[in-house]
Amino acid sequence: MKPTFYITTPVYYVNDIPHIGHAYTTIAADVLARYHRLTGSQAFFLTGTDEHGQKVQQAAEKQGVAPQAYTDNIVTRFQSLWKTLTISNDDFIRTTETRHTKVVREILDTLLKNGDLYENAYEGWYCLFDERFWTAKDIVAGNCPDCHRPVEQIKESNYFFRMGQHQDWLIKYIKSHPGFIRPDTRKNEVLGFLQQPLGDLCISRPKSRLNWGISLPFAKDYVTYVWFDALVNYISAIGYLNNDAEFTTWWPANIHLIGKDILTTHSVYWTTMLHAIGLEMPRSIFAHGWWTVDGEKMSKSRGNVVDPTAMAHEFGVDAFRYFLLREIPFGQDGDFSKSAMIQRVNSELANDVGNLLHRSLTMIERFAGGVVPLPKPSQDGNLEREIQETVGRMKDRLDTHLKALEFHRAIEEIWRVVELGNQYIERSTPWKLAKDREKHENLENVLYTQMEILYWLTLFFYPFMPQTAKAMATQLGITLHFSNPLLETPRWGMFPSGTTTAKGTPLFPRIETASVNLTPEIPVKPAPTSEIPLISIEDFMKIQLKTGKVVAAEAVPKSKKLLKLQVDIGIETRQIVAGIATKYTPEEIIGKLVIIVANLKPAKLMGVESQGMVLAAGDKEVEGLLSVVTSVEPGTKVK
Ligand code: ME8
């Protein structure tokens, strides 16, 4: 039997359209669900919408539509966002569905029968925004201690859940189950909260005040308090009181993933509700941190709410997914800015990953006719062994980090393999091996190893960037069924030799800052006045500059100015004719690191073909060749 893994996100309020905060929790849950499926678990990933309550009723009233019609409309915004972001949820629960409302009512009935609910006249301070009562000592200068809005005094009869009687049990449970509330800072917060006496919880609202909710089965003039309704989604969706086999397969949930804003409702309300109805606790409740935008709280009034659909369209779905999980440790708060995202996309995705794939496939084409060779077992390769060991350890490391929800650490580990892949190319110099017939076996082993590295990276990327993984598999020429547990028992040598590769377009095109509106981060400056015609960044970026090492040089016959150079640019050696003979002799130029224009159309100078141009300072006469301050590998991009 496969191990099971049940993960949930909050059910999101439909009082407004989704933003990056919602996307963040859901993407994180998606990564965990995909990783568990890939490593052999049977996963169930639940998300959905919270459709009752005051906030939703008010939002519907504002639009002049019935609450159901209003929610039916907003829910599609969530569902289509999850499609756009390639979220692999197994179910989507709406709290207005009968399968949910029925279970809420049955639980209420049971609690009443067991004496866990009671009716009481109540007089207290009510916060309309938070939909909850406060005692006189809680309120601060007539305002809600939580949202700071004015509270009003209300006297009414209501139903209460005997939450307080579970307090001692809850404290003991939290203390004796170290991984139950995570991270530890949140656990300590909850234990701090529980140092005060835990009161009973008002779980009804009179319909005279709020009618958009689930009616109490035993008191028709009341609806259920929205949290007592919403939290139940975690069990109603998996067949509680309806399908025992299904329910026992999934419950207890492995992780309830939430933001830190709803820690108390999950760690105190939900746990005591579950205890009262005799169900096991979820294995873990993890509260992640809060995103601000350019240092400010996201809000409609500030006009800085980040739309995840727009981000995905502007930067690519996988780049957006990657950035959210790479940028900040999962439990901590973070700041969202487009410029930080562009930096990561360009350096880590376009540069590190894009280059590795592109260079490797170019070499397979150039040196092996596009067909992945068969490696020879006799190889004596320390480098290869190092790579095999690193990749071999990866699954354990990913397991550890993802168990701890340290997404950024898991990504750092994967990037070690990306770096190793790039270093491997530099160190094994396949372009040199290709020139030596006797090194042919070595070359084949190197080319195969490159493909194997890319195979493993495809699997490691998959939970984070599923579309990228699929595109990589296509370019590598292999078919991977990601719904299979491909990372269950990893073993080196999985890449099928004889595969014909299919190099395609770059996976992550560089994002040019000039084409992105970064306001308010970068104020628009007036264009400089100059007599030199200005070109756009797009025009400049068309020029491909690279470092190259001059490996041979000779004078061009009958020319005083020209030298014929052979320049090593990593994956090949270029012949370049340069007008530098008045400044340099062939002997002194050999071994120098120069900068070349790599995508110049070939031309003939004095009958000799030139495949590029070296850059030099000087106007009419050459005064000095351009180089780099720190020595870098030939073929390094110059930006
Ligand atoms: O609270 N940064 O729904 P909700 C990070 N319906 N995460 C954020 C965020 C931000 N700035 N803003 C929102 C509700 N989130 C209830 C939940 S569950 C039984 C009922 C995420 O629409 C984060 O996961 O206000 C947070 O907990 C959740 O959205 C709140 O969503």
Side-chain angles (χ1 to χ4, degrees), residues 7-30 32 46-57 59 71 74-75 77-78 81-82 85 87 92-96 100 103-104 107 129-132 146-147 186 212-214 224-237 253 255-271 273-274 282 285-300 302 304-308 311 323-325 327-337 405 407:
I7 184 159
T8 66
T9 72
V11 278
Y12 303 111
Y13 283 131
V14 287
N15 60 328
D16 213 340
I17 56 172
H19 57 67
I20 54 161
H22 302 122
Y24 185 48
T25 321
T26 312
I27 290 170
D30 187 58
L32 294 175
L46 176 69
T47 188
T49 40
D50 187 355
E51 306 192 353
H52 291 125
Q54 196 113 28
K55 286 189 186 120
V56 178
Q57 181 172 304
T71 60
I74 299 280
V75 78
R77 303 290 289 265
F78 279 89
L81 173 63
W82 303 151
L85 298 179
I87 300 301
F92 185 100
I93 188 152
R94 302 179 58 183
T95 56
T96 47
H100 172 74
V103 176
V104 172
I107 290 176
F129 183 80
D130 284 341
E131 300 177 45
R132 61 163 293 180
D146 190 31
C147 72
R186 303 291 166 216
W212 182 234
I214 301 174
T224 315
Y225 170 46
V226 68
W227 278 101
F228 222 75
D229 160 354
L231 289 160
V232 171
N233 90 87
Y234 300 135
I235 52 177
S236 63
I255 303 178
H256 286 324
L257 210 54
I258 57 170
K260 65 178 185 181
D261 55 324
I262 53 179
L263 179 66
T264 313
T265 48
H266 281 76
S267 314
V268 181
Y269 299 4
W270 181 225
T271 51
M273 281 166 76
L274 285 169
I285 297 170
F286 193 107
H288 63 66
W290 210 241
W291 281 98
T292 51
V293 173
D294 295 320
E296 293 202 44
K297 193 170 182 256
M298 243 190 306
S299 79
K300 251 187 175 174
R302 284 194 175 93
N304 65 350
V305 176
V306 179
D307 172 7
M311 287 302 109
F323 174 76
L324 290 182
L325 295 180
E327 184 68 0
I328 51 163
F330 196 56
Q332 295 174 19
D333 295 343
D335 191 51
F336 183 88
S337 78
L405 278 78
F407 297 99

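Everything numeric here is computed off the predicted structure, so don't read it as measured data. Side chains included, hydrogens not; waters and symmetry mates left out as well; all remaining heavy atoms used. Each ligand, and each atom within it, is numbered from 1 in the order the structure gives.
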Stepwise, does the side chain to side chain contact (heavy atoms under 4.5 Å, CB included) test hold for Y234 with H266? CA-CA 11 Å; Y234 300 135; H266 281 76; 2.7 Å; yes
Among all protein heavy atoms, pick the one closest to atom 2 (N) of ligand 1 and tell me residue, atom and distance. W291 N, 3.0 Å
Provide the number and element of each atom of ligand 1 under 4.0 Å from a heavy atom of H19. 9 (C), 12 (N), 13 (C)
Would D50 count as being in polar contact with ligand 1, using the rule that some N or O on each side must be under 3.5 angstrom apart? yes
Quick one: are the ring centres of F286 and F330 less than 6.0 Å apart? yes
Starting from atom 24 (O) of ligand 1, what is the nearest protein heavy atom, named by residue and atom, and what distance separates them? T25 OG1, 2.7 Å
If you scan protein heavy atoms around atom 25 (O) of ligand 1, the nearest is Y13 CD1, 3.5 Å
If you measure every N or O of W227 against every N or O of ligand 1, does any of those distances drop under 3.5 Å? no
Does any N/O atom on Y24 come nearer than 3.5 Å to any N/O atom on ligand 1? no
Would you name the heavy atoms of S267 and I285 that are closest together and state the gap between them? CA-CD1, 4.1 Å
For Y12, the option from D50, T26, T47, T49 that meets side-chain hydrogen bond (donor to acceptor under 3.5 Å, both in side chains): T26
Suppose we measure from atom 7 (N) of ligand 1 to each protein heavy atom; which comes out shortest, and what is that distance? H288 CE1, 3.3 Å
What protein heavy atom lies closest to atom 26 (C) of ligand 1? Include the residue and the distance to one decimal. D261 OD1, 3.2 Å
Return the closest protein heavy atom for atom 9 (C) of ligand 1 as residue, atom name and distance. W290 CH2, 3.2 Å
Please state which part of M298 comes within less than 4.0 Å of ligand 1, counting heavy atoms only: side chain, backbone, both or neither. side chain
For the student: nearest non-hydrogen atoms of L257 and A29, plus distance: CD2-N, 3.5 Å
Minimum distance, heavy atoms only, to atom 16 (C) of ligand 1: which one of V14, V305, V11 is it? V11
Can you name the closest pair of heavy atoms from N304 and S299 and give their distance? OD1-N, 2.9 Å
Has D333 got a side-chain atom pairing as donor or acceptor with G289's backbone, closer than 3.5 angstrom? no
Nearest heavy-atom contact between A59 and N15 is CB-O, 3.8 Å
Looking only at heavy atoms, which two atoms of G295 and D335 are closest? And how far apart? N-OD1, 2.5 Å
State the atoms of ligand 1, each with its element, that fall below the 4.0 Å cut-off from a heavy-atom position in G289. 5 (C)
With side chain to side chain contact (heavy atoms under 4.5 Å, CB included) as the test, would you mind laying out the steps for E51 and I74 before giving the verdict? CA-CA 10 Å; E51 306 192 353; I74 299 280; over 6 Å; no
Quick one: does any side-chain atom of T25 pair with a main-chain N or O of T9 as donor and acceptor, under 3.5 Å? no
Touching ligand 1 at all, H266? Heavy atoms, strictly under 4.0 Å? yes
Nearest-neighbour protein heavy atom for atom 1 (O) of ligand 1, which is reported as residue plus atom name and distance: I262 CG2, 3.5 Å
Sub-3.5 Å N/O-N/O distance, L231 and ligand 1: no
To the nearest 0.1 Å, how far is atom 28 (C) of ligand 1 from its closest protein heavy atom, and which atom is that? Y12 CE2, 4.0 Å
